[in-house]
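For reference, the structure discussed in these notes is given below.
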Amino acid sequence: MADQLARAEDFEKKAEKKLNGWAIFSSKFEDAADLFDKAANSFKLAKSWDKAGSTYVKLANCHLKLESKHEASQAYVDAAHCYKKTNISEAVSCLDHAVNLLCDIGRLSMAARYLKEIAELYESEQNIEQAVVYYEKSADFYQSEEVTTSANQCKQKVAQFAAQLEQYQKSIEIYEEIARQSLNNNLLKYGVKGHLLNAGLCQLCKGDVVAINNALEKYQELDPTFSGTREYRLLADVAAAVDEEDVGKFTDVVKEFDSMTPLDSWKTTLLLRVKEKLKAKELEEDDLT
């Protein structure tokens, strides 16, 4: 490791010297880029991640001087992947630079990929609001390139987090849109009942029994097979329990569904919110009697 570090520093010094000197027969930026690339590689081998990251940024600047935006964007991505290990905000900044360059040269699918990576970094830091911003951007880019599956993956993340932030209407619209799109696709239509279940759970969180019943009718029109599913039954029975203000019935319905199809933490959280509202209503009624 010490050897690699010494080599890296030597390459970096030579690169800086090239930049500060004169070049008659060749471009000093090309020569410096070659040396910065070697330096960054050696810093990586030495596990000196911050130095590797900053050296890749210098490499990106050389490529920009040579008007090679594609190579510059790749250098920023390499920098970001080093910074990911030590400094998330620097990693995000480098990926943002890469995205801007890729947009300039029309590489929107690649830009979408790195926007999604930024979203995942924010998600790992529990910065849900910023994660949503970047998942939305990524979905837009994927959509414009007609990469529907990747666009939908990002949209589902947006819907998931919007519901966590109690932006239920936003989630409902996304899940319903994905369900509609998926119906006409043989590979995706098996997932329709899951999207409609998620939309229905968000409807339940809004606490409007009329709206949930209207939604269930709409979902049956959208997909006539939905009314025969356990997902539909769960939504209909929970809606009935809410309407009857029956906490016991609510609990039994959820328990029965969970025993056959285990509920993930997101669905459990939403159902607990519905149950808390139901309990609060029950207590209110008790206080009045």
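Below, each value reflects all heavy atoms present in this structure, side chains not excepted, and no hydrogens, waters or symmetry copies.
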How close do A33 and L59 get, heavy atom to heavy atom, and via which atoms?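 That closest heavy-atom pairing would be O-CD1, 3.3 Å.
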Tell me the closest heavy-atom pair linking S171 and A163, and the distance in Å.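 What the structure gives for the nearest pair is OG-N, 3.1 Å.
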Take a 6.0 Å sphere around [atom1] of [X] and say whether it holds more than 12 heavy atoms from other residues, nucleotides or ligands.
X: Q164; atom1: CD; answer: yes
X: K58; atom1: NZ; answer: yes
X: K65; atom1: NZ; answer: no

Is there a chain of hydrophobic side chains (I, L, V, M, F, W, Y, each step under 4.5 Å between heavy atoms) that links [X] to [Y]?
X: L272; Y: V247; result: no
X: V133; Y: I174; result: no
X: V158; Y: F141; result: no
X: Y56; Y: F11; result: no

Would you kindly say whether [X] and [Y] are connected by a side-chain donor-acceptor distance under 3.5 Å?
X: S89; Y: N87; answer: yes
X: Q4; Y: K47; answer: no
X: H63; Y: E30; answer: no
X: Q74; Y: D78; answer: yes
X: Q153; Y: Y142; answer: no
X: Y168; Y: R273; answer: yes

Does the side chain of [Y] come within less than 4.5 Å of [X]'s, by heavy atoms?
X: F250; Y: L271; result: yes
X: V274; Y: L278; result: no
X: L5; Y: S48; result: yes
X: L102; Y: V99; result: no
X: K157; Y: E123; result: yes
X: E176; Y: H195; result: no
X: V77; Y: C94; result: no
X: T86; Y: Y83; result: yes

Residue of the set V132, V92, I88 for which side chain to side chain contact (heavy atoms under 4.5 Å, CB included) holds with Y122: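 With Y122 as partner, V132, V92, I88 yield a single side chain to side chain contact (heavy atoms under 4.5 Å, CB included), made by V92.
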Apply the test side chain to side chain contact (heavy atoms under 4.5 Å, CB included) to residues F43 and E9: give CA-CA distance (whole Å), side-chain angles for both, the deciding distance (0.1 Å), then the verdict. CA-CA 8 Å; F43 279 128; E9 284 163 356; 4.1 Å; yes
Approximate separation, where rounding is to 0.5 Å, of [X] [atom1] and [Y] [atom2]:
X: L108; Y: Q143; atom1: CG; atom2: CD; value: 13.0 Å
X: T229; Y: L196; atom1: OG1; atom2: CG; value: 8.0 Å
X: L19; Y: D31; atom1: CG; atom2: CG; value: 9.5 Å
X: Y134; Y: I118; atom1: OH; atom2: CD1; value: 5.0 Å
X: K193; Y: R230; atom1: NZ; atom2: CZ; value: 9.0 Å
X: L188; Y: T149; atom1: CG; atom2: OG1; value: 5.5 Å

Begin from the C-alpha positions of Q160 and Q156 and carry the test side-chain hydrogen bond (donor to acceptor under 3.5 Å, both in side chains) through to its verdict. CA-CA 6 Å; Q160 179 192 328; Q156 284 181 70; over 6 Å; no
Report yes or no: does [X] contribute a side-chain atom to a donor-acceptor pair with the main-chain N or O of [Y] at less than 3.5 Å?
X: N20; Y: E16; answer: yes
X: S259; Y: E256; answer: yes
X: N213; Y: V209; answer: yes
X: S138; Y: Y135; answer: no

Any salt bridge between [X] and [Y], counting N to O under 4.0 Å?
X: D10; Y: K14; answer: yes
X: K51; Y: E12; answer: yes
X: E136; Y: K170; answer: yes
X: K155; Y: E177; answer: yes
X: D264; Y: K267; answer: yes

Only counting residues at least two apart or in another chain, list the ones meeting side chain to side chain donor-acceptor pair (under 3.5 Å) with D237.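 Expected list: R233.
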Report the relative orientation of the aromatic rings in F226 and Y232; use parallel for angles under 30°, tilted for 30 to 60°, perpendicular for over 60°.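 It falls in the perpendicular class, over 60°.
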Students often mix this up, so state it plainly: with edges at 30° and 60°, are the rings of Y76 and H97 parallel, tilted or perpendicular?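 The arrangement is parallel - the two ring planes meet at less than 30°.
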Take E117 and H81 through the test side chain to side chain contact (heavy atoms under 4.5 Å, CB included) and record every step on the way to the result. CA-CA 10 Å; E117 203 171 316; H81 291 163; 2.7 Å; yes
